[in-house]
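Only heavy atoms go into these numbers, but all of them, side chains included; no hydrogens, no water, no symmetry mates.
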Amino acid sequence: MKTNPSLLASAVFLVLASPGALLAQAAPLTAAETDLKAKAADSISRGLDFLKKQQKPDGFWTSGDYPGLTALVAQAFIMAPGDHRKDPEVVKALDFIRKHAQKDGSIHAGRMSVYNTSICLAALVRNADSKDRAIMDAANRFLTGGQTKGSPGGAADGGFGYEAGGKNKGSRADLDNTVFTLEALRLYQDLQKSQDLPAGQQLNWKAAIDFVSRCQQLPGSNKQKWVSNSPDEKGGFVYQPTPESGDGSGGPPKSYGTMTYAGLLSFIYAEVKAGDVRVKAAKDWIERHYTVEENPGQGDQGLYYYYHMMAKGLTAAGVKSLKTKDGKSVDWKTELTAKLISLQKPDGSWSSTNGRWMEKDPNLVTTYCLLALEQLAAGK
């Protein structure tokens with residue numbers, strides 16, 4: 001079937017918001033809300049200006065070895081208010097991504113094929129340029145074909161790791177790579193549907209849901225022996241469904257903020273119903289551990305990725321307010337928006353003093369914050 005470029009461009013609005021986020025018509029803003037909204041718009045503008053100055057001549061940010069990082073920045077431009085798809089920074093970034101498309105459909109520079117391909121596919125879908133149709137179709141085939149099968153004990157089945165083959169096949173699936181992949185595949189499917197195009201190769205969504213469920217501390221639905229019976233852990237998510245935490249302590253895995261939002265998002269991308277016990281348990285954990293001061297369970301480690309995932313997760317779930325464990329109702333959008341604005345540096349960037357997970361890199365962290373603010377703005 002022939003693709004109509006104008007219709008493809010018109011479909012952008014369908015994929016800019018996270019799947020599952022049906023936004024109600026906003027009530028009139030108060031003076032304080034109007035002021036915060038203006039400050040957020042200024043914050044986004046200054047953040048984009050910072051990133052414009054950091055782009056390398058070849059079109060990438062941070063490292064040419066990871067096109068996924070550049071694709072993440074490109075999405076921050078594409079999802080910003082206004083149409084930035086023709087901005088020179090976006091054009092150069094997308095050309096950089098295209099040149100790393102491989103014959104097998106993956107998009108990478110020699111490593112982390114699934115991680116890079118999933119984020120690059122999401123950027124191409126959100127850009128919605130008909131000339132990328134073949135690359136997007138091939139990336140969809142690569143990712144759906146890279147779903148883990150036959151892992152030891154079956155715990156990793158249905159998930160995704162950094163690589164689709166080689167030494168990691170069947171044993172390295174984790175929730176972080178899985179949520180990026182499910183997001184990209186859901187965006188791709190929504191775009192295909194909006195254009196009345198063939199759906200392409202399909203993911204085993206049931207297997208994906210089962211993998212995500214095996215990362216949740218919920219004894220009723222996760223039968224693995226390591227799952228905690230602690231009320232504090234109930235409903236939270238861990239990085240991998242393994243009996244060790246992975247932090248060297250030798251203890252059982254603990255739930256933490258970013259992975260719990262990743263689990264909630266994964267269920268939404270997989271179209272698990274809002275009334276499902278696993279979804280409700282995830283939301284309950286989030287309410288019990290709500291904070292904008294740290295990444296629950298990790299402190300200041302991965303704090304900005306946590307902000308990014310919080311904004312995406314709660315927006316996609318349509319959550320307007322949260323009731324904390326002390327019974328207080330909080331406007332999480334207002335609190336998170338104000339927190340992000342307060343942390344921005346004079347040059348428009350954000351960065352952390354804790355370097356774990358690359359969070360001393362201002363390009364990456366600024367991108368996380370911009371994507372969070374853009375989700376918050378879209379959800380108002």
Given 3.5 Å as the limit, does a donor-acceptor pair link the side chain of [X] with the main chain of [Y], or not?
X: Gln55; Y: Glu89; result: yes
X: Trp332; Y: Val319; result: yes
X: Arg186; Y: Tyr269; result: yes
X: Ser113; Y: Glu163; result: no
X: Ser118; Y: Val114; result: yes
X: Asn116; Y: Gly68; result: yes
X: Gln54; Y: Asn363; result: no
X: Ser349; Y: Lys345; result: no
X: Arg288; Y: Pro231; result: yes
X: Asp174; Y: Gly161; result: no

As an exercise, state the distance from [atom1] of [X] to [atom2] of [Y], rounded to the nearest 0.5 Å.
X: Gln375; Y: Lys333; atom1: CD; atom2: NZ; answer: 9.5 Å
X: Asp284; Y: Lys325; atom1: CG; atom2: NZ; answer: 14.0 Å
X: Phe142; Y: Ile107; atom1: CZ; atom2: CD1; answer: 9.5 Å
X: Lys86; Y: Asp129; atom1: NZ; atom2: CG; answer: 5.5 Å
X: Glu271; Y: Leu182; atom1: CD; atom2: CG; answer: 11.5 Å
X: Ile44; Y: Ile341; atom1: CD1; atom2: CD1; answer: 8.5 Å

Minimum heavy-atom distance between [X] and [Y], given as atom pair plus value:
X: Val238; Y: Lys254; answer: CG1-O, 3.5 Å
X: Ile78; Y: Val90; answer: CG1-CG1, 4.2 Å
X: Ala76; Y: Glu374; answer: O-OE2, 2.7 Å
X: His108; Y: Gln102; answer: O-NE2, 3.0 Å
X: Cys215; Y: Pro241; answer: SG-CD, 3.7 Å
X: Ala71; Y: Cys120; answer: CB-CA, 3.7 Å

Can [Y] be reached from [X] by stepping across I, L, V, M, F, W or Y side chains whose heavy atoms are under 4.5 Å apart?
X: Met259; Y: Trp357; answer: no
X: Met358; Y: Leu72; answer: yes
X: Tyr290; Y: Leu303; answer: yes
X: Leu371; Y: Leu48; answer: yes
X: Leu264; Y: Met309; answer: yes

Is there side-chain contact between [X] and [Y], with heavy atoms separated by less than 4.5 Å?
X: Leu370; Y: Leu51; answer: yes
X: Leu314; Y: Leu336; answer: no
X: Tyr368; Y: Tyr306; answer: no
X: Tyr66; Y: Ile119; answer: no
X: Gln240; Y: Arg172; answer: yes
X: Thr181; Y: Gln147; answer: no
X: Tyr261; Y: Val179; answer: no

### Message
Set out, in order, the CA-CA distance, both residues' side-chain angles and the distance that settles side-chain hydrogen bond (donor to acceptor under 3.5 Å, both in side chains) for Ser352 and Asn354, then state yes or no.
### Response
CA-CA 5 Å; Ser352 176; Asn354 189 316; 5.6 Å; no
Going by distance alone, is a donor N or O of one side chain under 3.5 Å from an acceptor N or O of the other, for [X] and [Y]?
X: Asp331; Y: Ser321; value: no
X: Arg111; Y: Tyr162; value: no
X: Arg141; Y: Gln201; value: no

### Query
Phe237 pairs by ring-ring contact (aromatic ring centres under 6.0 Å, His included) with which of Phe211, Phe267, Trp285?
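Between Phe237 and the candidates, ring-ring contact (aromatic ring centres under 6.0 Å, His included) is satisfied uniquely by Phe267.
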### Message
Apply side-chain hydrogen bond (donor to acceptor under 3.5 Å, both in side chains) to residues Gln189 and Gln202 and explain how you reach the verdict.
### Response
CA-CA 9 Å; Gln189 287 196 9; Gln202 292 291 295; 3.2 Å; yes
Hey, is [atom1] on [X] packed in by over 12 heavy atoms from elsewhere, all under 6.0 Å?
X: Lys92; atom1: NZ; answer: yes
X: Lys52; atom1: NZ; answer: yes
X: Lys99; atom1: NZ; answer: yes

### Query
Under 6.0 Å between ring centres, would you say that holds for Tyr304 and His308?
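No - the distance between ring centres of Tyr304 and His308 does not fall below the 6.0 Å cut-off.
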### Message
So, applying side chain to side chain contact (heavy atoms under 4.5 Å, CB included) with Leu69, which one of Phe60, Trp61, Tyr115 is it?
### Response
Tyr115
### Task
Let me see the working for Gln298 and Tyr305 under side-chain hydrogen bond (donor to acceptor under 3.5 Å, both in side chains), right down to the final yes or no.
CA-CA 12 Å; Gln298 293 289 333; Tyr305 183 46; over 6 Å; no
Decide, yes or no, whether a salt bridge links [X] with [Y] under the criterion of side-chain N to carboxylate O below 4.0 Å.
X: Lys56; Y: Asp58; result: no
X: Asp95; Y: Arg98; result: yes
X: Arg46; Y: Asp42; result: yes

### Query
Under the side-chain hydrogen bond (donor to acceptor under 3.5 Å, both in side chains) criterion, do Asp232 and Ser230 qualify, and how do the steps go?
CA-CA 5 Å; Asp232 190 58; Ser230 166; 5.3 Å; no
Can you give the donor-acceptor pairs under 3.5 Å from side chains of residues 216-226 to other protein atoms, not counting sequence neighbours?
| unit_1 | atom_1 | unit_2 | atom_2 | d |
| --- | --- | --- | --- | --- |
| Gln216 | NE2 | Gly235 | O | 3.1 |
| Gln216 | NE2 | Arg278 | O | 3.0 |
| Gln217 | OE1 | Ser228 | N | 2.8 |
| Gln217 | NE2 | Glu233 | OE1 | 3.2 |
| Gln217 | NE2 | Pro253 | O | 3.0 |
| Asn222 | OD1 | Gln224 | N | 3.3 |
| Asn222 | OD1 | Gln224 | NE2 | 3.1 |
| Asn222 | ND2 | Ser213 | O | 3.4 |
| Asn222 | ND2 | Arg214 | O | 3.0 |
| Asn222 | ND2 | Gln216 | O | 2.9 |
| Lys223 | NZ | Gly220 | O | 3.4 |
| Gln224 | OE1 | Trp226 | NE1 | 3.4 |
| Gln224 | NE2 | Arg214 | O | 2.9 |

